[in-house]
Every structure is written in C-alpha cells, then in structure tokens.
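Below is one structure; the comments refer to it alone.
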Number of protein chains: 2
Amino acid sequence: MALPRAARTQRRTRIQEAKEEQILEAALEVFSLHGFRGATVDQIAEVAGMSKPNLLYYFRTKETMHRALITRVLDTWLDPLREFDAEGNPVSEIRSYIRRKLEMARDFPRESRLFANEILQGAPNIEDELKGPLKALVDEKAEVIRTWAKAGKIAKCDPYHLIFSIWSTTQHYADFDVQVRAVLGQDNAGEGRFEDAARFLEQLFIGGLNVSEQPSEV
Amino acid sequence: MALPRAARTQRRTRIQEAKEEQILEAALEVFSLHGFRGATVDQIAEVAGMSKPNLLYYFRTKETMHRALITRVLDTWLDPLREFDAEGNPVSEIRSYIRRKLEMARDFPRESRLFANEILQGAPNIEDELKGPLKALVDEKAEVIRTWAKAGKIAKCDPYHLIFSIWSTTQHYADFDVQVRAVLGQDNAGEGRFEDAARFLEQLFIGGLNVSEQPSEV
DNA sequence: TGATAATTTGACCGGTTGGTAAACATTACA
DNA sequence: TGTAATGTTTACCAACCGGTCAAATTATCA
C-alpha cells in the first residue's frame with residue numbers, strides 16, 4: 001500500500017502515467033463546468049471511469065488534483081503569447097496571435113473555462129503563478145509592443161490593455177459560448193461563427209492599431 | 001405561520017421588502033464569488049445576518065433565491081445597451097456605450113461576475129432569458145449598427161461580433177479583476193486602470209471602426 | 001389590552017460530501 | 001515460481017448540505 005506520488009525517486013510506472021492522464025482529463029471536464037467548489041470527486045471519478053478511492057490513490061485530495069490540472073494547463077495556455085516574436089512584422093504578429101488565441105478558444109474551450117472559473121472565484125490557488133510567471137511573460141511582450149509603437153510601426157497604445165483586450169475578445173467565444181449561441185440564434189451559431197469572429201477581430205485590431213490613421217506624435 | 005411570498009394579493013410589508021433586499025444583497029455577494037453550486041445557504045444566511053430558517057422563510061429554496069437575483073440583475077444589466085440610440089451620432093453612441101459598460105464593470109463587479117458564473121456553467125437557469133429578451137434586444141441594436149454601416153457612417157462590420165467584443169473587453173475588468181491586478185502589478189493596479197482602459201478601448205474601437213480608413217465598398 | 005397574524009429560531013432530518021481503513025487483486029521482478 | 005510492491009475495491013465515517021418542524025418571539029390592529 002505505497003503511495004504512488006511519493007515514490008518520485010523512481011520513474012513513474014506506465015500505469016501511473018496513464019491513470020493520472022485519465023484523471024486529469026476527467027477533472028478538466030468537471031472542474032471547467034462547475035468550478036472548484038461546485039465539482040465533486042465522485043463526479044470526476046465517474047467520468048474517469050474508476051472508483052473514488054482509486055482516484056484518491058493517485059491524487060490524495062481534491063485540491064491536489066485541481067492544482068496539478070491548473071499548473072499543467074496554464075503552461076500550454078500561454079504558448080501563443082510565447083510565440084509572439086519581437087523580430088517579426090508587428091501587424092502580422094498581432095494578427096496571428098489573435099488567430100492562435102481564437103483557435104484555442106475553439107479547440108480547447110474547457111481549458112479556457114477552467115481558468116475563467118478560477119480567476120472569477122478569486123484565483124485562490126494560482127495567485128502566485130499570476131503574479132510570477134504570467135506577469136513576467138506579459139511584461140516582456142508588453143515591452144516589445146511598446147518598442148514597436150515608439151518606432152512608429154503601430155499606433156501608440158497601452159500594451160497591457162491591448163493584451164487584455166485580445167485575451168478577453170478571443171476567450172469570450174469559449175467562456176461565454178452559451179450566450180454567443182443564444183444571441184446568434186441557431187441559424188448563425190454554426191462553426192462559422194469562429195471565422196466571422198476572426199474576420200471581425202482582425203478588422204478591429206488592425207484598424208485600431210494601424211499607424212496610418214493615428215496622429216503621429218513623433 | 002403564513003408564507004409571505006404567497007400573500008401577493010396584499011401589499012408587501014415594509015419588513016418583507018427590507019429583508020428580501022438584505023437577502024438578495026448577501027446572495028449577490030456569495031453567488032458571484034462561488035457560483036450556484038459552490039454557494040451554500042448557510043453562507044448566504046451568515047452574510048445576510050440572519051438564521052438559515054429565517055432566510056428560507058423568505059425564499060423557500062436556494063434556486064428560488066438565485067432565480068430572483070438573476071432576473072433582477074439582468075434587467076438593470078442591459079440598461080446601457082437599451083440607451084443605445086439609433087438617432088444619435090454613431091461614433092459617440094459607441095463611445096458612450098463602451099464608457100457606460102466600463103463604469104458598470106467598475107461599480108458593479110459582483111453583478112458582472114454573477115452572470116459570468118452563470119454563463120460559464122452553461123446558464124442552466126437563464127437560457128430562456130438569453131434566447132428571448134436578450135437576443136431580441138441585441139437583434140434590434142445590431143440592425144441599427146448595420147444601418148449605420150450601410151449609410152457609410154462607420155466601417156462595415158459584423159454588428160453581433162462588435163457587440164460581443166464590447167461586452168468582453170469591458171466586463172473583463174470585472175470578471176478577471178484578480179488577473180488584471182496581478183499582471184499590472186501593485187504600482188499600476190490602482191483605480192487609474194479603468195481610465196487607462198477607457199482610453200485604450202476608445203482608441204481601439206473608434207480607430208477600428210472609423211470609416212475613413214476602411215475601403216468604402218459603396 | 002388582547003388576540004391574531006407575521007416573523008424568528010434551535011433542533012433536527014435524510015442525503016451528499018471529501019476522505020479513510022483494510023481487505024483483496026494484480027503486477028513487477030529476483 | 002514466489003514474494004513484495006503496486007493497484008483496486010467495498011464498506012464506512014464525520015462533516016456538511018438543503019430543507020423541515022414546532023415552538024417561541026414580535027408586530028399588527030380591533
């Protein structure tokens with residue numbers, strides 16, 4: 001009756017890896033829909049297709065499981081921002097960042113909702129990660145944007161609020177999916193809504209940041 | 001031992017009105033932070049400063065309470081969009097709509113989070129209201145925007161996604177407040193962030209929708 | 001004032017929650 | 001193969017959940 005997660009001096013068993021994967025997948029499904037407090041361990045166990053004690057053999061508490069899930073998802077969630085390239089063409093960098101974020105909202109809505117739930121409820125478990133790695137990455141990219149603006153390549157604007165607005169507009173299609181569908185109606189709520197959104201957001205951001213129609217102050 | 005909410009043939013007592021107010025205020029506080037399933041009646045009762053049975057004397061179930069709260073808040077929440085005036089100047093109408101939404105995010109963050117929680121978790125209790133009154137209102141205003149675009153007063157764009165983007169960017173400052181603060185750091189996370197946001201969003205939307213730099217297709 | 005209705009409360013209930021104990025089954029490996 | 005480590009299950013627990021009940025308290029008004 002050894003505890004699997006304590007035995008870290010040795011390599012993890014194949015079965016451990018598979019089960020933990022299976023559990024985190026189920027946890028994502030449930031946590032993203034109900035939030036931390038609203039989710040139940042029984043529910044996650046059922047989705048994972050195993051008994052509750054068996055699940056708790058791999059993750060000793062509900063919180064351990066939640067924390068493991070958040071940490072893992074946060075990492076991949078920030079990939080699009082990491083790809084943001086200081087050497088690239090500003091307009092096309094912003095354009096493809098928007099596109100990547102929108103694709104993630106379409107393909108990984110549960111991950112988006114997991115964060116939204118966590119942040120919405122005060123981010124009790126990941127405040128450190130927000131103030132640490134996340135802030136560091138955003139600071140870095142904000143500096144890139146500021147450099148572009150100073151060089152006159154894009155309109156002068158607050159880089160932090162620019163990033164916020166890209167986050168919010170794109171993630172909206174994952175987090176508020178129910179509302180988006182309800183408002184668009186069943187005629188217009190097909191998968192085409194992501195392409196319509198992409199077209200609109202490109203127009204909005206490229207137009208709003210185009211240097212040509214901003215008063216150049218340099 | 002009469003039931004107060006059944007006695008609707010007569011006028012509500014002053015004490016009834018006050019208590020119900022008190023309860024909904026507490027319910028807003030708790031529901032907005034934990035969502036429906038995450039909130040507990042005991043917690044709401046404690047915040048409201050009364051015993052649980054006393055609370056349940058006014059709202060017989062947790063769901064009744066939640067529904068009453070949502071219905072009331074949804075109504076005032078849509079006020080800014082109702083003020084959207086077809087006869088006004090397009091640019092200043094959009095500008096003041098953004099400003100009003102941003103003020104609501106600043107002054108009523110709990111209301112915003114209440115909806116965010118509800119929508120995020122699949123909107124089980126308000127799907128009808130989304131597909132009914134909300135959709136009707138948005139349809140109406142979308143038609144106004146489309147008219148403006150056809151008249152060449154603003155750039156041609158998808159009016160629904162325009163509204164979505166205004167919703168998401170402004171409500172972001174209420175719903176994701178913790179993240180916004182964490183990223184901005186304590187130096188820049190003062191109340192000035194709302195003014196910075198207002199300035200940025202104005203630039204973004206007015207620039208992105210300005211007809212002057214859009215190829216006129218008419 | 002007194003009686004009647006409205007309000008408030010402590011004690012309680014059945015069901016669910018996160019988590020545990022220990023027996024049982026399976027795997028890894030000498 | 002044997003045995004020790006790993007994995008799984010059944011039965012269970014105390015705490016908490018939404019909600020009820022009957023008794024006690026307070027407001028209303030003839």
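Letters A, B, ... mirror the listed sequences (proteins, then strands); counts begin at 1. Bear in mind the structure is a predicted one, so any value in this text is a computation, not a measurement.
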**Q.** Note, B:Tyr160 side chain near A:Phe200 side chain (heavy atom, < 4.5 Å)
**A.** no

Q: Hey, which sits more toward the 5' end of DNA chain D by its nearest nucleotide, A:Met50 or A:Arg37?
A: A:Met50

Q: Using atom CG of B:Leu55 as one end and atom P of D:dT20 as the other, report the distance to the nearest whole Å.
A: 13 Å

Q | Shortest non-hydrogen separation from A:Met65 to A:Leu55 and the atoms involved | A | SD-CD2, 3.6 Å

Q: Write down the distance between CZ (B:Phe36) and P (D:dC17), rounded to a whole number of angstrom.
A: 14 Å

Q) Is any N or O donor-acceptor pair between the side chain of A:Lys52 and the base of C:dG19 shorter than 3.5 Å? A) yes

Q | N or O in side chain of B:Gln16 less than 4.0 angstrom from C:dT7 OP1/OP2 | A | yes

**Q.** Euclidean distance, atom OH of residue B:Tyr58 to atom P of C:dA6 [Å, nearest integer]
**A.** 11 Å

Q | Whole-Å distance separating the CZ atom of B:Phe59 from the C1' atom of C:dT7 | A | 15 Å

Q: Quickly work out the B:Arg60 CZ to C:dT8 C1' distance and round it to whole Å.
A: 17 Å

Q.
What I want to find out is whether B:Asp75 reaches B:Arg82 closely enough, with some N-O distance under 4.0 Å, to be called a salt bridge.
A. yes

Q.
Strictly below 4.0 Å, N to O, side chains only: are B:Glu111 and B:Arg72 in salt-bridge contact?
A. no

Q) Is a donor-acceptor contact shorter than 3.5 angstrom present between the side chain of A:Lys62 and the base of C:dG19? A) no

(Q) Which label fits B:Phe176 and B:His172: parallel for a plane angle under 30°, tilted from 30 to 60°, or perpendicular past 60°? (A) parallel

Q: Using a cut-off of strictly less than 4.0 Å, decide whether B:Asn54 has a side-chain nitrogen or oxygen near OP1 or OP2 of C:dT9.
A: yes

Q: Output the distance between atom CZ (B:Phe36) and atom CD (B:Glu118), rounded to the nearest 0.5 Å.
A: 8.5 Å

Q. Which of these nucleotides, C:dT20, D:dT9, D:dC21, is closest to any side-chain atom of B:Pro53?
A. D:dC21

Q: Calculate the interatomic distance between B:His66 atom NE2 and D:dG19 atom P; express it in whole Å.
A: 13 Å

Q. Please, which pairs that meet salt bridge (Lys or Arg N to Asp or Glu O under 4.0 Å) have at least one residue in residues 170-180 of chain A, sequence neighbours excluded?
A. A:Asp177-A:Arg181, A:Asp177-A:Arg193

Q | Spacing of B:Leu56 atom CG relative to C:dG10 atom P, expressed in whole Å | A | 14 Å

Q: Take atom CD of B:Glu20 and atom C1' of C:dT7, then tell me their distance rounded to the nearest Å.
A: 13 Å

Q.
Using a strict heavy-atom distance below 4.0 Å, which residues from residues 38-49 of chain A are in contact with DNA chain D?
A. none

Q: Determine: side-chain N/O of B:Ser51 to OP1/OP2 of C:dT8, distance under 4.0 Å, yes or no.
A: no

Q. Are B:Tyr57 and C:dT8 close enough that a side-chain N or O sits under 4.0 Å from OP1 or OP2?
A. no

